[in-house]
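In what follows, a single structure is set out as structure tokens and then discussed.
FYI, side chains are in, hydrogens and waters are out, and symmetry mates aren't considered; it's all heavy atoms of this structure.
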There are 2 protein chains.
Amino acid sequence: MNVGRRVDYAVRALSFLAGQPAGKIVSRADIEKCQDIPSFYLSKIMKDLVAGGLVQSHIGSKGGFSLAKLPTSISIKDVYETVERPLVLMDCLERGADYCSYCSVCTQKSIWEEAQKVLAEFLGRISINDIADRQGLKGRLVGSLQKAG
Amino acid sequence: MNVGRRVDYAVRALSFLAGQPAGKIVSRADIEKCQDIPSFYLSKIMKDLVAGGLVQSHIGSKGGFSLAKLPTSISIKDVYETVERPLVLMDCLERGADYCSYCSVCTQKSIWEEAQKVLAEFLGRISINDIADRQGLKGRLVGSLQKAG
DNA sequence: GACAAAGAAGACCTAGAGAGTCTATATTGT
DNA sequence: ACAATATAGACTCTCTAGGTCTTCTTTGTC
């Protein structure tokens, strides 16, 4: 029941992009440097974010990434499900009755189903913009990026 | 962000015990058989439940397990935390700043903190008794146990 | 056109966790 | 004394998360 680093890094990368001036393209290496993400690791995550339509990539020299949607319209739930998997608390809720022979009489199912609904609703209400706002990226980190690059 | 089998089995074992007549002692093997839990696996889980004070063990011939508390006073959150770990969604909320150098400027933290609070509140409100009731253990499964054992 | 700077794609590695199995030992009712 | 039971812990196996690196393709710039 833990959220892994992929999600952590994805949220950081996205909120970092959200803090850039509109249209600005930032390279993987720059994001990694500014957000303390291990070298190269972000490439796999960005691939998912691009495939999921959250981020736009720009190949070639001076290439990089920018947001493909408004930061207000990207929820944490979106991010989680894009870089990880559907938000499901117990495996039997995804996989069928092959997972457990007692599935038909199981009443835990509905508990976990409700729990994950509660969680999904909460995470669906938080946007990348909320996070970018809070950390004041629009000021502080743009500056440090421009100094760095 | 998934709940593993340990919790699944623990909840099943506990709600099974909750469905027994007061004072009845049930062996590990019987619980495993009636709840479709792999042989011997339950012994490790029961050890945690005993250590956590949710279950009382009875060593020796005709020994076994019984609930140590009222089923209404055992929440799913209790079970999770007893057999798994504290209910924490992101590792940096447990471990200190050694986990991530940007901890001090991180604003995801508070998001996950709130999310886990929402989840913990929900799971804290559901009791083992709720689950035992729903599955009608008090009738059906006691009968099948007595046939089986 | 040449070159450098990017992303794309994917191979590779490692540590650890999760799940499951089994055995030796201590305890206790009959 | 014996059988049935929990206790404790060793052991295996597989999968995943996290991380690293290399090769290929695309594209801006000179």
Side-chain angles (χ1 to χ4, degrees), chain A residues 1-10 12-13 17 24-33 35-52 54-66 68 80 83-85 88-92 94-95 99-100 149, chain B residues 1-10 12-13 17 23-33 35-52 54-68 80 83-85 88-92 94-95 99-100 149:
Chain A
M1 186 119 69
N2 284 52
V3 176
R5 311 234 74 182
R6 288 177 64 83
V7 176
D8 176 19
Y9 295 154
R12 281 200 251 168
L17 288 177
K24 172 106 193 243
I25 293 175
V26 189
S27 74
R28 169 193 57 77
D30 278 344
I31 304 176
E32 284 171 349
K33 195 194 308 174
Q35 287 294 315
D36 196 35
I37 299 172
S39 279
F40 296 101
Y41 191 43
L42 200 54
S43 58
K44 292 197 294 194
I45 298 173
M46 295 312 268
K47 195 173 54 163
D48 289 344
L49 291 174
V50 170
L54 305 196
V55 155
Q56 193 175 354
S57 75
H58 309 266
I59 305 180
S61 182
K62 301 282 172 191
F65 301 94
S66 57
Y80 180 88
V83 302
E84 205 88 47
R85 68 178 70 102
V88 160
L89 288 188
M90 238 199 200
D91 286 343
C92 55
E94 272 191 295
R95 296 148 76 166
Y99 189 66
C100 159
Chain B
M1 183 117 71
N2 284 53
V3 177
R5 311 236 70 183
R6 287 176 65 83
V7 176
D8 176 19
Y9 296 154
R12 281 200 251 166
L17 289 177
K24 172 108 192 238
I25 293 174
V26 190
S27 75
R28 168 193 57 78
D30 278 344
I31 304 176
E32 284 171 350
K33 195 193 310 174
Q35 287 293 316
D36 196 38
I37 298 171
S39 279
F40 294 102
Y41 191 43
L42 200 53
S43 56
K44 291 198 294 195
I45 299 173
M46 294 313 267
K47 195 174 54 162
D48 289 345
L49 292 174
V50 170
L54 306 195
V55 155
Q56 192 173 356
S57 74
H58 309 267
I59 306 181
S61 180
K62 301 283 172 189
F65 300 94
S66 58
L67 287 189
Y80 179 88
V83 302
E84 207 87 47
R85 70 178 69 102
V88 161
L89 288 188
M90 233 188 210
D91 285 343
C92 54
E94 274 191 294
R95 296 150 75 166
Y99 189 64
C100 159

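- To the nearest angstrom, C1' of D:dA4 lies 13 Å from CZ of B:Phe65.
- Applying the side chain to side chain contact (heavy atoms under 4.5 Å, CB included) criterion to B:Ser66, with sequence neighbours excluded, gives B:Gln56, B:His58.
- Rounded to whole angstrom, the span from the CE atom of B:Met90 across to the C1' atom of D:dG18 amounts to 14 Å.
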Produce a footprint string for nucleotides 20-30 of chain C: one letter per nucleotide, 5' end first; B if the base is under 4.0 Å from any protein heavy atom, S if only the sugar-phosphate is, - if neither. BBBB---BBS-
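- A:Glu84 places its CD atom 12 Å from the P atom of D:dT16, with the value rounded to the nearest Å.
- Protein atom CE of B:Met1 is 18 Å distant from nucleotide atom P of D:dT16, rounded to whole Å.
- Atom-to-atom, CG of B:Asp48 to P of C:dA19 comes out at 13 Å; the value is rounded to the nearest Å.
- The CG atom of B:Asp30 sits 9.5 Å away from the CD atom of B:Glu32 when rounded to the nearest 0.5 Å.
- If you take CZ of A:Arg6 and P of D:dT20, they are 15 Å apart, rounded to a whole angstrom.
- Of the possible polar contacts, none joining the B:Gln35 side chain to the B:Tyr9 backbone as a donor-acceptor pair under 3.5 Å is found.
- With salt bridges taken as basic N to acidic carboxylate O contacts below 4.0 Å, one links B:Arg12 and B:Asp8.
- Taking a cutoff of 4.0 Å between a charged side-chain nitrogen and a carboxylate oxygen, B:Arg6 and B:Asp48 qualify as a salt bridge.
- A cation-pi contact, defined as under 6.0 Å to the ring centre and within 45° of the axis, links B:Arg28 to B:Phe40.
- The distance between atom CZ of A:Arg28 and atom P of D:dC21, rounded to the nearest whole Å, is 12 Å.
- The CG-C1' distance, from A:Asn2 to C:dG16, rounds to 14 Å in whole Å.
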